[in-house]
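For reference, the structure discussed in these notes is given below.
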Amino acid sequence: MQLYFNPASPYVRKVRVTAHELGLSDRIELITLSLTPVSPHDELRSRNPLGKIPALITDDGAVLYDSPVVCEYLDALAGGHRIFPVPGGARWTALRRQALADGIMDAAVLIRYEQAVRPQELRWQSWVDGQFLKIRTALDALEQEHLESAFDIGTISIACALGYLDLRFAGEGWRTRRPRLAAWLGAAGQRPSLAATAAPAA
Ligand code: 99T
């Protein structure tokens, strides 16, 4: 399999953590690329019309995207229901947590593009503030969750979202007033899958 990859992408990290947890990492070749919405990558676009990473080329030559789909495909390849729980309460909790974490990533990546890519004279601070409000509200909600009981697609996604905040927005200090979430990430981050996929400091 081949995975279109960039070390900064929290969505790609979800896929790599999932593969690591399932013992599939050695079967995935990474194709490294850099891209933004205003500097698209033609080869990637020919595989994924949205021009986004992650995109996975399977051993059958099929192309899969986006990160929830690729992670569930890998789970099925490894026998199923190891990272995505069987239908029932645990599954809906894991999928809701994945949606919440992906939403944090979406807001954070939009801010990143606004601050690092958009020309200075076109930037709109109220819009950035609105994205930060989503992130802070989501983090406050996560502070109330009992994350210790599961390591599945929900908690993998949360760890990757928090890792991206540390990478791009360390100055925001998300750990302040969220000690339980900070302690959870400190412990979860020791897992080999998360340790092996941490982005190098920006
Ligand atoms: O939007 C673009 O044109 C290029 N951006 C991406 O490919 C980002 C890379 S994170 N990926 C996504 O937006 C994927 C989202 C999708 N819903 C999924 O896979 O779950 C780049 C972060 C950074 O450079 O700081």
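These numbers come from the heavy atoms of this one structure, side chains and all, not from hydrogens, waters or symmetry mates. Just so you know, ligand 1 is whichever comes first in the structure, and atom 1 is the first atom listed for that ligand. All of these numbers come straight from a predicted model, not from anything done at the bench.
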Between the side chains of [Y] and [X], is the shortest nitrogen-to-carboxylate-oxygen separation below 4.0 Å, so that they form an ion pair?
| X | Y | result |
| --- | --- | --- |
| D129 | R136 | no |
| R177 | E143 | no |
| E114 | R168 | no |
| R27 | D59 | yes |

Using a 4.0 Å heavy-atom cut-off, which part of [X] comes near ligand 1: side chain, backbone, both, or neither?
| X | value |
| --- | --- |
| P40 | neither |
| R168 | side chain |
| Y65 | neither |
| Y4 | neither |

- Query: Do the side chains of I28 and F5 get nearer than 4.5 Å, heavy atoms only?
  - Reply: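 The answer is no, as the side chains (C-beta and beyond) never meet within the 4.5 Å cut-off.
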- With a 4.5 Å heavy-atom cut-off, do I135 and E172 have their side chains touching?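 No, too far: nothing below the 4.5 Å cut-off.
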- Output yes when the distance from some N or O of ligand 1 to some N or O of Y11 is under 3.5 Å, and no in every other case.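 In this structure, Y11 places no N or O atom under 3.5 Å from an N or O of ligand 1.
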- Under 3.5 Å between some N or O of ligand 1 and some N or O of Y164?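 Looking only at distances, the answer is yes, because the N/O contact criterion of under 3.5 Å is met.
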- Item | Atoms in ligand 1 flagged as close to P54, the criterion being non-hydrogen separation under 4.0 Å |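 Once the distances to P54 are compared, the set is 19 (O).
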- Task: Would you mind listing which atoms of ligand 1 come within a distance below 4.0 Å of any non-hydrogen atom of P68?
- Result: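 That gives atoms 20 (O) of ligand 1.
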Closest approach of any protein heavy atom to [atom], naming residue and atom:
| atom | value |
| --- | --- |
| atom 11 (N) of ligand 1 | I53 O, 2.8 Å |
| atom 20 (O) of ligand 1 | S67 OG, 2.6 Å |
| atom 10 (S) of ligand 1 | S9 OG, 3.5 Å |
| atom 3 (O) of ligand 1 | P37 CA, 3.4 Å |
| atom 5 (N) of ligand 1 | Y113 OH, 2.9 Å |

- Message: I'd like to know if the side chain of D106 pairs up with that of Y11 as donor and acceptor (distance under 3.5 Å, no hydrogens or angles considered).
- Response: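 On atom types as modelled, these side chains qualify, holding a pair under 3.5 Å.
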- Task: Would you mind finding which of L33, D66, V69 brings a heavy atom closest to atom 16 (C) of ligand 1?
- Result: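 Checking each option, the heavy atom nearest atom 16 (C) of ligand 1 is found in D66.
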- In Å, rounded to the nearest 0.5 Å, how long is the span from CZ of R45 to CG of L50?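 It is 11.0 Å, given to the nearest 0.5 Å.
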- Query: Is the centre of the Y65 ring less than 6.0 Å from the centre of the Y4 ring?
  - Reply: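 That pair fails the under 6.0 Å test.
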